[in-house]
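Remember, predicted model here, so these are calculated numbers, not experimental data. The first residue of the sequence shown is numbered 1, and numbering continues consecutively from there. Each ligand, and each atom within it, is numbered from 1 in the order the structure gives.
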Amino acid sequence: MFKKILIANRGEIAVRVIKTCRRLGVKTVVVYSDADAGSMAVEMADEAVHIGPAPASESYLVADKIIAAVKETGAEAIHPGFGFLSENPAFAKRLEEEGIGWIGPNAHAIEAMGDKISSKKLAAEAGVSTVPGHMGLIEDTKEAVKISREIGYPVMIKASAGGGGKGIRIAENDKEVEEGFPAVKAEAKSSFGDDRVFIEKFILEPRHIEIQVLGDKHGNCIYLNERECSIQRRNQKVIEEAPSPLLDPETRKKMGEQAVALAKAVNYDSAGTVEFVASGKDKGFYFLEMNTRLQVEHPVTEMITGVDLVEQMLLVAYGETLKLKQSDIGINGWAVESRVYAEDPYRNFLPSIGRLKRFKAPPEGKLADGEVRMDSGVREGDEISMFYDPMIAKLITWGKDRDTALDVHGEALDRFHIEGIQDNMPFIAAVVDEARFRSGKITTAYIKDEFPEGFNGVEPTDSQLTQLICSAAYVHGFMSRRAADVTGRLAPPDEARTEWVVILGDKHYPVTLELGDAGEAEITINGGKTHALVTGWYPGLHLVEGLLDGQPYAVKFADRTEGYLFRHRGVALRALVCTPQVADLHARLPEKEKPDMSKLVISPMPGLVVSMDVEVGQEVQEGEAVCVVEAMKMQNIIRAETTGTIKAINVAAGDSVAADEVMVEFD
Ligand code: ADP
Ligand code: ADP
Ligand code: MG
């Protein structure tokens with residue numbers, strides 16, 4: 001086995017690789033940019049080499065710097081993680097020339113699979129089922145329309161060099177091809193520097209199902225079953241699971257065997273993923289592309305097969321023969337992964353960057369009915385910067401069946417607390433509890449279908465409302481008593497108070513709270529039923545654990561200038577807890593006057609102004625683009641919320657802006 005390797009990546013995947021290396025006794029070196037000095041990966045690795053400024057193009061993507069770091073530290077091989085240089089055949093070739101090991105597939109395999117047109121041809125030759133369509137290049141729009149008609153609508157127009165969901169369009173008719181074909185060509189040119197485009201049939205009720213394969217340098221290759229990744233937003237995977245609710249053993253075997261046939265056709269000698277689009281209509285499946293690297297969602301496969309994929313990658317890269325046989329690979333239970341992103345689900349998933357003021361991970365490890373694993377590369381106090389991927393963590397849960405794995409997932413989300421930036425956990429929790437998702441009848445359009453207006457939170461059920469009111473009264477009552485204990489001498493009257501009012505919006509809930517000495521409490525709402533609340537809450541934990549009708553639950557909360565914010569699953573509620581006298585005053589207060597913000601265009605997040613598309617004096621219509629702000633690899637078009645004339649412009653292209661900075665003012 002290798003004695004020392006270098007990880008040419010950052011964040012959670014660098015940490016993930018280090019964990020396996022530690023277990024195997026392999027020493028690790030990480031490289032890091034200015035933005036990652038002092039990161040968790042740097043702290044955990046045995047050695048760390050600084051490779052330049054924050055932008056990836058000046059650090060993680062510079063082959064010379066990575067190779068210099070290898071030479072400086074004497075690492076024997078490079079693990080590329082995903083993204084960055086992981087699918088760059090020139091880099092893999094160069095390492096071979098320099099005599100540096102590569103913990104990934106051979107350069108020829110990367111190259112052959114790097115292009116959608118050529119890999120599709122290769123797949124067809126290897127007997128893999130491919131999407132019906134035109135295998136060749138298409139020169140102009142006229143030809144594109146002709147070919148689309150031959151294939152039959154709807155069709156998908158794709159950039160051959162595409163990836164990450166870019167350079168893809170669906171067309172339902174001639175007109176949409178006439179618009180879409182040049183658009184995809186232009187996007188392909190600007191994003192990938194390669195404007196080759198092809199067209200294939202759009203598969204109805206499409207589901208994204210992919211097969212994990214593993215090969216060695218001695219001609220052996222096996223499949224580790226499938227992952228379903230149909231829950232995507234803008235072609236970005238959000239929730240992944242293994243196995244897939246769609247597949248039966250026979251289809252699974254067929255897909256697995258085809259994936260292995262394709263891998264063998266390119267002498268595939270590492271971990272890789274063969275992506276298929278499967279039709280929910282007839283379970284037909286068709287090859288999409290092969291990703292020649294470790295995949296973000298690999299942990300769900302590890303959970304159901306018990307195989308450590310990073311360990312296998314290291315072994316086969318070292319030249320060992322695969323010890324695992326196809327017959328060793330089974331499916332144990334069900335695993336679900338969600339990607340916790342730094343984004344605001346309530347504001348159309350705008351990126352949200354900044355410092356993690358609080359980061360309390362859910363308890364990891366085996367539970368009575370499942371298991372929780374978290375893959376993350378950040379700690380409390382770390383910064384989510386605008387330079388890299390917006391993923392904060394991956395939460396992975398396991399259960400004996402799908403429902404159990406999902407229940408455990410919801411419970412873990414309730415115990416995962418983040419403050420300082422916005423996160424998409426309420427949205428993930430809403431999906432995890434949603435009826436259609438639970439039924440397994442999903443497609444890649446699921447999020448668009450079920451959340452057509454975006455995400456606006458979930459209405460609490462009666463029992464969730466009770467949980468939230470109890471938690472609010474409890475937290476406030478407990479803190480009041482603590483304050484009384486600490487200040488002692490003042491002995492405020494709140495010390496023994498049992499009557500409180502919880503205000504949610506304009507609703508008032510009178511509550512009686514009997515606090516016991518061990519921190520337990522009995523709570524009665526509106527003089528009704530008494531809810532025993534057994535609690536695991538202590539100041540600083542931001543989590544109340546209770547028992548309602550015998551069922552355990554968890555609610556997370558954060559202090560706000562006025563009141564508290566309580567979150568449970570997809571529900572978020574602001575609560576104010578006051579004495580009955582103060583509550584009475586509140587009820588009589590006039591509706592607070594809100595400042596008129598509609599005349600201001602405010603930056604929704606910190607970022608870089610890419611363009612300013614209006615001028616002072618210009619008439620602008622509501623909804624018109626005002627400027628573009630870039631943060632975390634995403635360009636966000638900021639639109640006018642009102643119709644009017646521009647009075648002032650405070651920023652220009654190239655400027656950095658802070659969150660809530662006023663960029664443009666209307667008359
Ligand atoms: P797909 O390419 O099919 O979407 P994944 O869901 O596994 O496959 O996504 C992996 C993608 O994550 C990479 O293609 C890349 O764009 C992005 N990525 C790059 N670097 C990183 C990183 N350090 N951490 C997380 N994601 C990254
Ligand atoms: P990328 O390289 O961006 O990951 P893919 O070719 O893997 O591009 O396609 C991205 C997504 O688009 C897939 O996950 C799948 O859901 C959907 N998709 C791709 N091709 C088709 C098709 N022919 N019919 C239906 N859906 C498709
Ligand atoms: Mg893909």
| request: Please test Phe427 against Phe349 for ring-ring contact (aromatic ring centres under 6.0 Å, His included), starting from the C-alpha separation and ending with a verdict. | output: CA-CA 10 Å; Phe427 176 68; Phe349 299 92; 5.0 Å; yes

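Of the heavy atoms in Glu275, only side-chain atoms (C-beta onward) come closer than 4.0 Å to ligand 2. With a 4.0 Å heavy-atom cut-off, ligand 2 is reached by the side chain of Thr444 but not by its N, CA, C or O.
Proximity of the aromatic rings of Tyr346 and Phe455 is defined here by a centroid distance below 6.0 angstrom, and this criterion is met. A distance of 6.0 Å or more separates the ring centres of Phe202 and Tyr153.
Using cut-offs of 30° and 60° on the angle between ring planes, the pair Tyr388 and Phe84 is perpendicular.
Residue contact check: Ile168 has heavy atoms under 4.0 Å from atoms 8 (O), 9 (O), 10 (C) of ligand 2. Every atom of ligand 2 with a heavy atom of Gly163 under 4.0 Å away is listed here by number and element: 1 (P), 2 (O), 3 (O). Within ligand 2, the atoms closer than 4.0 Å to a non-hydrogen atom of Glu289 are 1 (P), 2 (O), 4 (O), 5 (P), 7 (O), 8 (O), numbered from 1 in the order shown. Near Pro206, with a cut-off below 4.0 Å to any heavy atom, the atoms of ligand 2 are 25 (C), 26 (N). Here is the list of ligand 2 atoms found below 4.0 Å of a heavy atom in His208: 13 (C), 14 (O). Set against the non-hydrogen atoms of Gly162, the atoms of ligand 2 under 4.0 Å away are 2 (O). Of all the atoms in ligand 2, the ones that sit under 4.0 Å from a non-hydrogen atom of Lys158 are 6 (O), 19 (C), 20 (N).
Residue contacts with ligand 2 leave out Lys237, since none of its heavy atoms falls under 4.0 Å from the ligand. Remark: distances from the non-hydrogen atoms of Lys116 to ligand 2 include one below 4.0 Å.
At least one cation-pi condition fails for Arg436 and Tyr446: the charged atom is not both under 6.0 angstrom from the six-membered ring centre and inside a 45 degree cone around its axis. The cationic group of Arg402 lies under 6.0 Å from the six-membered ring centre of Phe437 and within 45° of the ring axis, placing it in a cation-pi geometry.
For the atom pair CG (Leu247) and CD (Glu226), the distance works out to 4.5 Å, reported to the nearest 0.5 Å.
When each of Ile396, Thr397, Asn332 is paired with Met303, the side-chain contact (heavy atoms from CB on, under 4.5 Å) condition holds for Ile396 and for no other.
An N or O contact shorter than 3.5 Å is missing between Val131 and ligand 2 by distance.
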